[in-house]
Number of protein chains: 2
Amino acid sequence: MKISTRGRYATRAMLDLALHYGKTPILLKDISTRQAISLRYLEQIISPLVAAKIVVSTRGPRGGVMLARPPRKIKLSEVIQVLEGPISPVECVENPGICTRASSCVARDVWTDLARAMYGVLESTTLQDLAERQEKKRAGRELQYNI
Amino acid sequence: MKISTRGRYATRAMLDLALHYGKTPILLKDISTRQAISLRYLEQIISPLVAAKIVVSTRGPRGGVMLARPPRKIKLSEVIQVLEGPISPVECVENPGICTRASSCVARDVWTDLARAMYGVLESTTLQDLAERQEKKRAGRELQYNI
DNA sequence: ACAATGTCTATAATAATAGTAGACATATAA
DNA sequence: TTATATGTCTACTATTATTATAGACATTGT
C-alpha cells in the first residue's frame with residue numbers, strides 16, 4: 001500500500017515551490033538539484049500539475065515554474081490525486097460498478113473507511129503547512145548548532 | 001496507493017472464516033469457491049497467515065483451516081500487515097535509515113500522519129466487526145425481499 | 001493403502017514503476 | 001534576427017511487482 005515516487009517527488013517539488021513562493025519563476029533544473037530528482041523525470045511529474053493548473057510555467061530564458069495559487073490554497077490531496085489518481089486503497093470504492101459484489105461487500109465498507117481516513121489527512125494539509133513545518137525544523141536545527 | 005489482491009483476498013478469506021468460526025475446519029476449496037479466488041492463489045495467501053499463527057490448519061481428510069483465535073481478537077491490521085507488509089505509504093516512515101534526508105524531511109512527517117490514520121482504521125476493525133456488518137447487511141436484504 | 005487434504009518451490013505472463021532520450025516549441029536578450 | 005535558455009511532448013526501455021499457474025510433496029483420517 002505504497003505511494004509511488006511520482007507522488008512523493010511531486011510533494012517534495014511542490015514544497016520546494018512553496019518555499020520560493022512569490023518570487024521569480026523557479027528552474028526545474030534547480031528543483032531537480034535540490035530535491036535530487038532527475039530533471040527528465042521531474043519534467044514528467046510537473047507536467048500534469050501544470051495541466052491541472054496547480055502550477056504555472058513560462059518557457060524561455062528567465063522562465064521556470066511557480067505555484068498557481070498561494071501555498072495555503074493548495075491542499076496536498078490535490079497534488080497527490082493528480083499524480084496518483086483517486087485516494088483510495090481499492091478501485092471499487094470510487095467505482096462500485098467494477099465489482100458485482102460491491103453492494104453487499106463488507107470489505108469494501110472498510111476500504112471506504114480507510115479511504116476517508118487517508119483523504120482526511122491529505123485534505124487538511126496544505127503546502128503552507130508543509131512550508132511552516134520545514135521552517136520550524138530549520139530553526140530548530142540552527143538553535144541546536146548554537147548551543 | 002492501492003492495496004494488492006493479496007491483502008484484499010486475505011480480508012475476504014478471513015471474513016469467510018470468521019463467519020464459520022467455532023465449527024469444523026473449512027476447506028480452502030470452499031473458500032475458493034465462495035470468494036471466487038483461485039485455489040492455488042488462495043493457498044499462497046493463507047500460508048503466511050498460518051505462519052503468523054492467525055490461522056491454524058490441519059491436513060488430511062476432514063482437514064482444512066480455521067481462525068486461531070475468536071474473530072473479535074483478530075484485528076484487520078494484523079491480517080493486512082502479514083500480506084502487505086508495514087501499513088505505511090512510504091518505507092522511510094518505519095525505516096528512516098533508508099533515506100539520508102529522513103530526519104529533516106517534512107514530507108516524511110506527512111507520510112507518518114497518513115500511516116497513523118490508516119493504521120487507526122485497520123487497528124480498530126476486527127473480524128468480528130466485519131462479520132457483524134455482513135450479518136446486518138444480509139438481514140437488511142432479506143427484509144427488503146419480504147416487503 | 002489410499003484418498004483427501006494442506007505445503008513448498010518454481011515458473012511465467014502481464015502490468016506498473018521509474019526512469020532515459022530525442023526532437024520540438026517558445027520566449028528573452030544581444 | 002539569431003542564439004540560447006528554458007519548458008513540452010512522445011517514445012522507448014530496464015527493472016520490479018503483481019497475479020497468478022503448476023508440479024511434486026507431506027500429512028492424516030478411514
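Residue numbers start from 1 in every chain, and the chains themselves are labelled A, B, ... in the order their sequence lines are given, proteins ahead of strands. Side-chain atoms are counted along with the backbone in the values below, which use heavy atoms only and exclude waters and symmetry mates.
Side-chain atoms of Tyr119(A) and Ser88(A) form no donor-acceptor pair, as typed in the model, at a separation below 3.5 Å. Between the side chains of Thr126(A) and Asp129(A), a donor-acceptor pair is found at a separation under 3.5 Å. With hydrogens and angles left out, the side-chain atoms of Tyr41(B) and Thr5(B) include a donor and acceptor closer than 3.5 Å.
Ion pairing between Arg108(A) and Glu94(A) fails under the 4.0 Å rule for side-chain N and carboxylate O. Note on Arg133(A) versus Asp113(B): salt bridge recorded, some NZ/NE/NH1/NH2 to OD/OE distance being below 4.0 Å. Using a cutoff of 4.0 Å between basic side-chain nitrogens and carboxylate oxygens, Glu142(A) and Arg138(A) are scored as salt-bridged.
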Check the interface with nucleotides 25-30 of chain D: list each N/O to N/O pair with the protein under 3.5 Å, or write none.
{"from": "dA26(D)", "atom 1": "N3", "to": "Arg59(B)", "atom 2": "NH1", "distance (Å)": "3.2"}

Can you tabulate the close N/O pairs, meaning under 3.5 Å, that link protein atoms to atoms of nucleotides 12-15 of chain D?
none

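Using a 4.0 Å heavy-atom criterion, one finds that Ile3(B) contacts no nucleic acid atom at all. Leu27(A) comes within 4.0 angstrom of the backbone, heavy atoms only, and of no base. Contacts of Ile26(B) with the nucleic acid, taken as non-hydrogen atoms under 4.0 Å apart, involve only primed sugar atoms and P, OP1 or OP2.
At whole-Å resolution of the value, CG in Leu42(A) and P in dA21(C) are 16 Å apart. In this structure, Glu43(A) atom CD and dA18(C) atom P are separated by 18 Å, rounded to whole Å. Atom pair Met1(B):CE and dA16(C):P shows a separation of 17 Å (rounding to whole Å applied). Rounded to whole Å, the distance from CE on Met66(B) to P on dG6(C) is 13 Å. Rounded to an integer number of Å, the gap from CD of Glu91(B) to C1' of dT17(C) is 15 Å. Rounded to whole Å, the distance from NZ on Lys2(B) to P on dA15(C) is 18 Å. Rounded to whole Å, the distance from CZ on Arg12(A) to P on dA18(C) is 13 Å. If you take NZ of Lys29(A) and P of dA5(D), they are 8 Å apart, rounded to a whole angstrom.
Contact annotation: the side chain of Met66(B) never approaches that of Val55(B) to less than 4.5 Å [non-hydrogen atoms, C-beta and beyond]. For the pair Met1(A)/Leu114(A), a side-chain contact is recorded, criterion being any heavy-atom separation below 4.5 Å from C-beta on.
For Tyr9(B), counting side-chain heavy atoms from C-beta on, the closest listed nucleotide (dA18(C), dC8(C), dA20(D)) is dA20(D). Counting only heavy atoms from C-beta on, Gln44(B) has its side chain closest to dA20(D) among dT8(D), dG19(C), dA20(D).
In the helix from dA1(C)-dT30(D) to dA30(C)-dT1(D), the rotation axis of the first five pairs and that of the last five pairs differ in direction by 10°, rounded to 10 degrees.
Both Gly63(B) and Tyr41(A) lie near DNA chain C, and the one whose nearest nucleotide falls closer to the 5' end is Gly63(B).
Under a 3.5 Å cut-off, the side chain of Arg12(B) and the backbone N or O of Gln35(B) do form a donor-acceptor pair. One N or O on the side chain of Glu78(B) and one on the backbone of Lys75(B) form a donor-acceptor pair closer than 3.5 Å.
Clustering ILVMFWY residues whenever any of their side-chain heavy atoms sit less than 4.5 angstrom apart, transitively, puts Val56(A) in a cluster other than the one holding Leu42(A). Leu15(B) and Leu27(B) fall into different hydrophobic clusters, where Ile, Leu, Val, Met, Phe, Trp and Tyr residues are linked whenever their side-chain heavy atoms come under 4.5 Å apart, directly or through other members.
Side-chain atoms of Arg40(A) and base atoms of dG22(C) include a donor and an acceptor less than 3.5 Å apart.
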